[in-house]
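What follows is a single structure, written as structure tokens, with notes after it.
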Amino acid sequence: MPRPPITALACLALAGAAAVGGCGSSKKADSTSTPAAATPPATQPATAKGGVVNIAMKNIQFVPAAVKVKVGQKIVWTNDDGQIAHNVTDKGGSFASNNFTGGQTFSYTPKKAGTIDYECTIHPNQTGTITVTK
């Protein structure tokens, strides 16, 4: 008896959190079809609904690269790049972390509305944006 075809959902289940490409489709999943354990793409804006906003540092990029938060909402960056050092520096001078490696974190809580552009000064192409609303 022939084996049934593998569906896209089954392929995602087999891939797990390993972020393996393929499954015969070049179409990107939108945020409503991304499994809960998956991290949104670096270019997808994330909107926080309360509590802490988490940003990962993976593959020398911020994931997600764009977030929307409210004044007073804590943002936590976690270095998920092993022994590769990163830092977080606001291009406007409001905050700057020391360099930190795998598993370490840096946090910042915005006190006013506006747009904050930030980067890792070790990797200048690693940039992100925070939109802060009241």
Side-chain angles (χ1 to χ4, degrees):
M1 175 182 297
R3 292 174 55 187
I6 297 176
T7 65
L9 184 56
C11 185
L12 284 173
L14 291 172
V20 177
C23 294
S25 174
S26 61
K27 189 175 180 182
K28 292 182 181 179
D30 66 350
S31 61
T32 57
S33 64
T34 302
T39 303
T43 57
Q44 178 179 355
T47 302
K49 294 183 169 107
V52 175
V53 176
N54 293 295
I55 300 173
M57 301 159 125
K58 288 184 182 182
N59 302 316
I60 308 180
Q61 59 184 318
F62 295 109
V63 181
V67 295
K68 292 180 183 178
V69 302
K70 293 192 178 280
V71 170
Q73 192 164 25
K74 184 177 183 179
I75 305 162
V76 176
W77 289 266
T78 301
N79 184 335
D80 289 333
D81 261 344
Q83 293 305 309
I84 298 172
H86 291 289
N87 61 47
V88 183
T89 303
D90 168 22
K91 293 181 181 179
S94 297
F95 61 86
S97 74
N98 292 321
N99 296 347
F100 56 102
T101 57
Q104 294 179 320
T105 63
F106 171 74
S107 64
Y108 172 72
T109 302
K111 294 176 177 43
K112 63 181 182 177
T115 300
I116 302 170
D117 292 316
Y118 66 93
E119 67 183 341
C120 171
T121 61
I122 300 169
H123 309 104
N125 290 327
Q126 182 178 352
T127 61
T129 303
I130 304 165
T131 303
V132 185
T133 60
K134 292 183 181 186

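Note: hydrogens, waters and symmetry copies are ignored here, and every other heavy atom, side chains too, is used. Predicted, not measured: the structure shown is a model, and the values here were computed from it.
A pairwise comparison of heavy atoms in T127 and A65 identifies O-CB, 4.0 Å as the closest pair. Heavy atoms only, all atoms of each residue included: I130 and I75 are closest at CD1-CD1, 3.7 Å. Nearest heavy-atom pair, P110 versus V69, reported as atom, atom and distance to 0.1 Å: CG-CG2, 4.0 Å. Between I84 and H123, the shortest heavy-atom contact is CG2-CE1, 3.8 Å.
Side chain of D80 to backbone of K58: no donor-acceptor contact under 3.5 angstrom is found.
Between F106 atom CZ and T89 atom OG1 the span is 8.0 Å, to the nearest 0.5 Å. Taking OG1 of T109 as the reference point, atom NZ of K70 lies at 15.5 Å (rounded to 0.5 Å). Atoms OG1 and NZ, on T129 and K68 in that order, are 11.5 Å from each other to the nearest 0.5 Å.
Among N98, T121, N79, the one residue that satisfies the side chain to side chain donor-acceptor pair (under 3.5 Å) test with N87 is T121. For the side chain to side chain donor-acceptor pair (under 3.5 Å) with Q126, the lone residue among Q61, H86, E119 that qualifies is H86.
Listed by chain and number, the residues in a ring-ring contact (aromatic ring centres under 6.0 Å, His included) with F100 amount to none (sequence neighbours excluded). For V76, the side-chain contact (heavy atoms from CB on, under 4.5 Å) partners are V52, N54, K74, T78, T105, S107, not counting sequence neighbours. In terms of the side-chain hydrogen bond (donor to acceptor under 3.5 Å, both in side chains) criterion, T133 has no residue partners (sequence neighbours excluded).
In this structure the side chain of I116 never reaches within 4.5 angstrom of the side chain of S94, judged on heavy atoms. Contact annotation: the side chain of V88 approaches that of F62 to within less than 4.5 Å [non-hydrogen atoms, C-beta and beyond].
Ring planes of F95 and Y118: tilted class, angle from 30 to 60°.
Residues V67 and V71 share a hydrophobic cluster, clusters being chains of Ile/Leu/Val/Met/Phe/Trp/Tyr side chains in contact below 4.5 Å.
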